[in-house]
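Quick notes on the structure that follows.
The figures that follow rest on heavy atoms only: side chains count, while hydrogens, waters and symmetry mates do not. Quantities reported herein were computed from a predicted structural model and do not represent experimental measurements. A, B, ... follow the sequence lines: proteins, then strands. Residue 1 opens every chain.
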Amino acid sequence: MPKCTIDGKEIEVAPGTSVIQAAEQAGVRVPRFCYHDDLPVDGNCRMCLVEIEKFPKLQIACGTPVNEGMVVKTQVTSEKAKEAQKNTLEFLLVNHPIDCPVCDQAGECYLQDQYMDNGLHDSRTVLEDKIAKRKVVDIGPILLDAERCVVCSRCIRYEREVTKTNLLEFVNRGGSTQISTYDGGPITHEYAGNLVDVCPVGALLSKDFRFKMRVWFLKETDSICPGCSTGCNMTIDHRDGEAYRFRPRRNVDVNKSWMCDPGRDLYKTVGPDRVTTAHKAGGAVAPLSDLLDEVAAKVQSAGAATAFLASPHASNEDAFAFKKLALSVGGRLDFRVGNPQDKVTVRKDQILQREDRHPNTQGLLNLGLGVTGVDALLADCKAGKVQVLVLQDAGLLEDAGVAAAAKQVPYVVAIATHQGPHLEAAHAVIPAAMWAETDGTFTNFEQRVQRFKRAFEAPGDARPRWEIALELLTRLGKPMNAATAGDVFVEMAVETKALGDLTHRSLGPMGRVAGSNTQAQATA
Amino acid sequence: MASSVITVNRDTRPGYYPILYGMWLTLKNMFETLFVKGRSATIEYPEKKRNISGRYRGVHLLTAREDGTPKCVACYMCATVCPAECIYIESGERPEKKIEKYPTRFEIDLLRCVFCGFCVDACPEEAILMSRENDLVGTSRAELIIDRENLMHRGKLAEVGPGYRPDDHDVRRPVHIAALERLKSEHGIVPGMPNRGH
């Protein structure tokens, strides 16, 4: 473990750590354009120059590994390094257009940040002398503006190393260098959104997010992508209860800094077409508490002639409360519609996506929600043995098998998030919050329990699924001692060996892999 | 202590003189304001109006490019700086690639506005200015949320003239205000430059 001194602070780092990473650990952010934590080092932008003792010239912090006894002075303590960074920035800005008012990157732009830190000079280039390049070039889901580019090659390295598609390359030379796809063709893979995040300036911008919102208005909430069993860490950017975009949040063990485009598109599902009021068959609106009373009475009177169908879209807390509800009346319980458990670990591509398009199949397996068997449960429904069928997600009704079985059940309760024709089959529709509107945890394909946080309020009467289950339990005379999702998690951790001593707080921002006995639990 | 105390003789009587003097002063002022020209402190509003400062911060206006489209590029600086959060902007794609962005919606809720002029200061394009229009009347709340078209063609602008714009070298640069230009081309009227001070 080599020791080094950065700005007078002595730290010990892992062998092979570069100076830029060591400085980060010492709490100093060296400015950079081309360096990216999850991409190979290129060292072309020359922005991260620092002074290292016994080196005759300034060195790039990203390309210099830390050696034993190295004494580094960054821009914080070294005038020489600060001056060099300032000059580098001025060179980078020579041909940069004055586009900030119309550029979507404004507010999260490395050039803007570093101009405010280091630059603050007037441009020595007259506007007319700047080299004009291509602007607003449509390359599929992305718009390319070659004038704004600082030729850092982050996007090129991303294409080469992460997606292995090599769609972008430099063309021309000198001041006219610009990035381009072959023959101006479109980006075709499903990971194009990452190019926008990777680009430190406004050269590659998302067509979808274009002009929607200035980024400084957006609030960030840590969340987990519900798109598949990989469970990519992400940030919800939202304003006034509306999600504007999803961005990947770095987690080296799960998704690094990446996220797929289908996952990013899920922000569109949060807002529109939501169920906001409780209603009965035919759309007659009822107060939520009245409807819950009615559902509880039906469940109580049906007793063991009930069936509970959970959904792998639900969080661990939702699933645990739902299980409690089913057990309290001794009803049938399962969730494996379409056998998602067979696909949990199966990759869809070689990057991030997995075949199981549910976020929490593994969590439900761990909790032991597969009790009756889906086929047996649905067969009982069809045979008329079931008086009340409770669906944790109304989306289950879109499955032909479930819809056919529900027709034979006299009273179908659907906990629903979105409007749709499938809700007509339900006799009671309870509005539910989506994952972005409540706290909770998902367990991903590798048993990592990851926490997502509430970004904004659910619309209308919609309540989290765990809360609906708790309300019903209270009405059935078997209340659970929990007021928040965190409380439910504690109750769950007590009963589920797999979760051990975890709590919402101890999961931290990166989640934790549940105990080693989970595999036995899952197969049991 | 004793030196600061004065003794007042309360037994003296002032007589009628001060009362009569006071009455005379009051009546003199009353008749002077009624009959002597230029002596009145009030004006016959709304027939007559005060000469407002050229830097007056009245209702906003949006300036235009030479082709009549808004100069605004929808950068949201005004909406960001606005302490009353009364500016609502939606942006869209402008057909020509040179500018790219423009506001498809631009609304100011004048009932929330505090007329601080920060939006004018923040604007990098001199797209939003203030006029000297200050008599704002509406019969409903919705009427006082003015939209982009209304901001570009303020009806009373010709009468009151433009108001506050940032006091820097840019002031001498020509601005295109649609309402003023229409007035000039259709009626040949050029309202005078704002009169600074009373």
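Identified by a heavy-atom distance below 4.5 Å to chain A, the contributing residues of residues 79-88 of chain B are B/Ala79, B/Thr80, in residue-number order.
Residue-environment remark: CZ (A/Phe170) exceeds the threshold of 12 foreign heavy atoms within 6.0 Å. No more than 12 heavy-atom neighbours from other residues, nucleotides or ligands sit within 6.0 angstrom of CD on A/Glu457. Under a cut-off of 6.0 angstrom, the local environment of CZ in B/Phe115 is crowded, with over 12 non-hydrogen atoms contributed by other residues, nucleotides or ligands. Residue A/Lys207 qualifies as enclosed at atom NZ: its count of foreign heavy atoms under 6.0 Å is above 12. Residue-environment remark: CG (A/Asp122) stays at or below the threshold of 12 foreign heavy atoms within 6.0 Å. When the shell of 6.0 Å around NZ of A/Lys130 is examined, it contains more than 12 heavy atoms from other residues, nucleotides or ligands.
In this structure, the portions of B/Glu93 lying under 4.5 Å from any heavy atom of chain A include both its backbone and its side chain.
When all heavy atoms of B/Val73 and A/Val102 are compared, the pair lying nearest together is CB-CG1, 3.6 Å. Considering every non-hydrogen atom in both B/Tyr76 and A/Lys212, the closest pair reads OH-O, 4.2 Å.
To the nearest 0.5 angstrom, A/Phe211 atom CZ is 13.0 Å from B/Ile89 atom CD1.
Of the listed residues (B/Cys75, B/Ala74, B/Gly92), the greatest number of heavy-atom pairs within a distance under 4.5 Å of chain A belongs to B/Cys75.
Classification of B/Glu100 and A/Arg148 as a salt-bridged pair holds, one side-chain N sitting under 4.0 Å from a carboxylate O.
When the side-chain hydrogen bond (donor to acceptor under 3.5 Å, both in side chains) test is applied to A/Glu147, the partners found at least two apart in sequence or on another chain are A/Lys135.
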